[in-house]
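Accompanying notes for the structure given below.
What you see is a predicted model; the values in this text were computed from it and never measured.
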Amino acid sequence: MQTTMTKADLLAALRANGAELAARLREMPVAAFEAGRYENGWSGRQILAHVASVEWTYPKLVDLARMGSAPEAAAAVDSFDIGAYNQRQVDKRQAASIADLIAEFERNRAATIAAVEACDEDLLATHIRSTGGVEGSLAQVIGYVAVNHTLEHVADIAG
């Protein structure tokens, strides 16, 4: 399967999105993080905790792509309860400050970028399905979940 997003395109998008996201979050008033914003009742702070925590999973998508069609790869995706995982990660970060959550996001984004830098174009073209059910080439899935997903959540925080 050919990917429509090159490695250079994906890296540029990850870098630009990460910088934009962190800057926008730092500019938001504290009240934006305390208001209930999301369908499950999460506040802006909890959405940010989700964004910070889920970012570390994107290098795991690279690992899934390396496993290819191995049965354990499909089993890992099929048996994963993403809702419970997300809630556990948000709960773990309930005492973290906004600055700490933004810093965690930035550290995890750097790890995502490093993981993509270590990929070749063939690996980025590998078809995968994320635990959230997003399917496509590795580049497309990372591009969608790491870039679009985070932008959607920043919009959630902003109200």
Check: Ser130 and Leu61 side chains under 4.5 Å, non-hydrogen atoms: yes

Under 3.5 Å: donor-acceptor pair, side chain of Arg45, backbone of Ala96: yes

Non-hydrogen side-chain atoms of Val147 and Leu14 separated by less than 4.5 Å: yes

Side chains of Gln89 and Trp56, donor plus acceptor under 3.5 Å: no

Pair Tyr85-Val90, side-chain contact (heavy atoms from CB on, under 4.5 Å): steps then yes or no: CA-CA 9 Å; Tyr85 168 81; Val90 167; over 6 Å; no

Atom of Phe105, atom of Gly18 and distance for their closest heavy-atom approach: CE2-O, 3.8 Å

Distance in Å, Leu138 CG paired with Ile128 CD1, rounded so as to fall on 0.5 Å steps: 4.5 Å

Closest heavy-atom pair and its distance - Cys119, Leu124: CB-CG, 3.8 Å

Shortest non-hydrogen contact between Ile102 and Ala22, atoms and distance: CG2-CB, 4.1 Å

Pairs meeting criterion salt bridge (Lys or Arg N to Asp or Glu O under 4.0 Å) with involvement of residues 48-62, two or more places apart: Glu55-Arg109

Euclidean distance, Gln94 CD relative to Gln46 CD, rounded to 0.5 Å: 8.5 Å

Min side-chain heavy-atom separation Met5-Ile142 under 4.5 Å: no

Interatomic spacing from CD in Glu121 to OG1 in Thr126 - rounded to 0.5 Å: 11.0 Å

His127 backbone acceptor or donor facing Glu135 side chain under 3.5 Å: no

Side chains of Glu152 and Asn148, donor plus acceptor under 3.5 Å: no

Chi angles and distances behind the side-chain contact (heavy atoms from CB on, under 4.5 Å) call for Val51, His149: CA-CA 9 Å; Val51 168; His149 179 244; 5.6 Å; no

From Leu10 atom CG to Ser137 atom OG, the distance as rounded to the nearest 0.5 Å: 9.0 Å

Donor-acceptor pair, side chain of Lys7 and main chain of Asp120, under 3.5 angstrom: no

Side chains of Trp42 and Asn86 in contact at under 4.5 Å (non-hydrogen atoms): yes

Donor-acceptor under 3.5 Å (Glu34 side chain, Ala31 main chain): no

Side-chain ion pair, Glu106 and Arg26, N-O less than 4.0 Å: yes

Mutual orientation of the aromatic rings belonging to His153 and His50 [parallel < 30°, tilted 30-60°, perpendicular > 60°]: perpendicular

Spatial distance of atom OG (Ser53) from atom NZ (Lys92) [nearest 0.5 Å]: 8.5 Å

Side chains of Leu25 and Ile98 in contact at under 4.5 Å (non-hydrogen atoms): no

Spacing of Leu48 atom CG and Asp156 atom CG [to the nearest 0.5 Å]: 12.0 Å

N/O donor-acceptor pair under 3.5 Å between Tyr58 side chain and Val145 backbone: yes

Contacts of Ala115 that satisfy side chain to side chain contact (heavy atoms under 4.5 Å, CB included) - sequence neighbours left out: Pro59, Val62

